[in-house]
Every structure is written in C-alpha cells, then in structure tokens.
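I have placed the structure first, in the form of structure tokens, so that the comments after it can refer back to it.
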Amino acid sequence: MTPAQTPLISSDQDAFEAIVRDSCHVRRFVDEAVPREDIEHMVGVATSAVSACNSQVWRFIAIQDRKLISAMQAAVLERFEQLALRPGLALQEQKRMVARAQALLFAKAPLCIAVLATPHDSPMEELMRLSGITQEEHDRLCARPELQSAGAAVQLLTSTAHAMGYGACWTCAPIVAGERLEQLLDVEPPTRLVALLPIGRPAELPAAHKRLPLEQVLSFR
Ligand SMILES: Cc1cc2nc3c(=O)[nH]c(=O)nc-3n(C[C@H](O)[C@H](O)[C@H](O)COP(=O)(O)O)c2cc1C
C-alpha cells in the first residue's frame, strides 16, 4: 500500500469529521490582526484542493489594508444605491438591506481573502469553444470548472481556518459590485473575483444550522 492509500487512523478521521461537521461560519470577529504565517498556512492547505485538469485556477489576495477595505466597502454601498434606482427594486427595501448586510461582511473582519478564478481551457472546454456554441450553452455544457475548483479550495480554506481557531464566512454577495472590486484589486479579465472571505478570531459562537437528512439528499439507482 502506498502512503497515499493509507487510510486515516480513526482518531484522525474523527478529528477531520469534527472540523468539517462543525459550523465554522462566523459573522462577528475580534479586532486582532491575523499573522502572516497563519494566512500562508491556511491558503497553503487550500491549494491542496483538487482542480479540473489540475489547472489550479484559483488565486488569493490577503487584504489587511484598512484603506483598501474601506474603498471596497464604498464600492459595494454605491452598487446598492444604484440597484435601489431600478424600478423592480425600488420597493424592495427590506430585501436590499438583508442582501447589503451579507455583502458587507468582508469589511467587518481583520482579514479579507479575495478568491479569484481564471477560466482554463480543458480539452472539453476547448472543443466546445471551437464548436461555436454561445457562452450560455458553453457554461451549461461545461459546468464552470473554474468556479467548482475555486469552491473546493474555499471549502478547504474555511475548514483549515476553523481548525486553527479562526472563524470565516464564505461570501459571494459582494460580487454584485464585482467589476469595481476587480479594479480596486487589479484583477484583469478573464480572471474574475468569485468570493470574499472575512476571517478572524470569532467574537461569537457560530450558529449551528441543521443539514438536510441523508435520505433527502442521497439516492441510489
Ligand atoms: C457559495 C456561497 C456563498 C455564500 N455567500 C454568502 C454571503 O454573501 N453572505 C453571507 O453572509 N453568507 C454567505 N454564505 C454563507 C452561507 O449563508 C452559510 O454557509 C449558510 O447560511 C449555512 O450556515 P453554516 O455554514 O454556518 O451552517 C455563502 C456560502 C456559500 C457556500
């Protein structure tokens, strides 16, 4: 048996499952800087995630500069002001407030990790692109491997942060201001900002959300 095939001993497995099953999403953080070596460690583990064709299409920007975070916050607020002017959204004040609070979480933590993903031409994606289909069809047929790959890395990152005693929150809502945020972060197309992860020592116990029972999510054929 090669080392890669060695099963986890049960205590390792128990510890792994405890971290994964425990809720790690925190929305209030202690005002305490996250040391650079801790950031390097959590991102280092995240990069052991699988990716389509081992493309490793993810990139991470660790943001602790408060001026930059304030500029990002202003960009998200401005976007919500623009959205409020849309006829269909003018009366949706309650919904806008909830979404805005979710989108601004990144500014409430001492560390914000921006997650970037770059589309990668796998043989299948190249084939589909050459076939002349629309972008929409391409996305449906190829299922956005770069987003799936980035998601795998984000899950590992948040779980590792949790194992290190940090809280994190995976957020996509701020991407509503994606273009402006990408400018502030010097992100060039085709690379895209896909998530912001506020991270810090938790100032609250994470809410324990129930998961669906197995019989509702798993079927056998
Ligand atoms: C792809 C994705 C996007 C998310 N976006 C946001 C977000 O923008 N704002 C937020 O507050 N939480 C966000 N979350 C966190 C979820 O709301 C959270 O995981 C869910 O409420 C379950 O909570 P739990 O993980 O603590 O059990 C996101 C989670 C995922 C996986």
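For ligands, and for the atoms within them, numbers begin at 1 and follow the listed sequence. Count residues from 1 along the sequence.
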| Cationic tip of R201 above F29 ring, under 6.0 Å, 45° of axis |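 Verdict for F29: no cation-pi partner in R201.
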Give the residue, atom name and distance (to 0.1 Å) of the protein heavy atom nearest [atom].
| atom | value |
| --- | --- |
| atom 3 (C) of ligand 1 | C172 SG, 3.6 Å |
| atom 1 (C) of ligand 1 | W170 NE1, 3.5 Å |
| atom 27 (O) of ligand 1 | R211 NH1, 2.8 Å |
| atom 8 (O) of ligand 1 | A173 N, 2.8 Å |
| atom 22 (C) of ligand 1 | H209 ND1, 3.7 Å |
| atom 25 (O) of ligand 1 | H25 ND1, 2.5 Å |

| field | Heteroatom proximity flag, P174 to ligand 1, N/O under 3.5 Å | value | no
| request: Would you mind checking if E204 and R27 are paired as a salt bridge, meaning a charged N to carboxylate O distance below 4.0 Å? | output: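 Salt bridge between R27 and E204, a charged N being under 4.0 Å from a carboxylate O: no.
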| query | Are R36 and E40 ion-paired here, with the side-chain N under 4.0 Å from a carboxylate O? | reply |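 A salt bridge is present here (some side-chain N lies under 4.0 Å from a carboxylate O).
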| Side chain, backbone, both or neither: the part of C169 lying under 4.0 Å from ligand 1 by heavy atom | side chain
| Taking non-hydrogen atoms only, is S23 closer than 4.0 angstrom to ligand 1 via side chain, backbone, both or neither? |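 Side chain only.
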| Check: E182 side chain, E188 main-chain N or O, donor-acceptor pair, under 3.5 Å | no
| query | Which of these, R27, Q155, Q102, has its nearest heavy atom closest to atom 21 (O) of ligand 1? | reply | R27
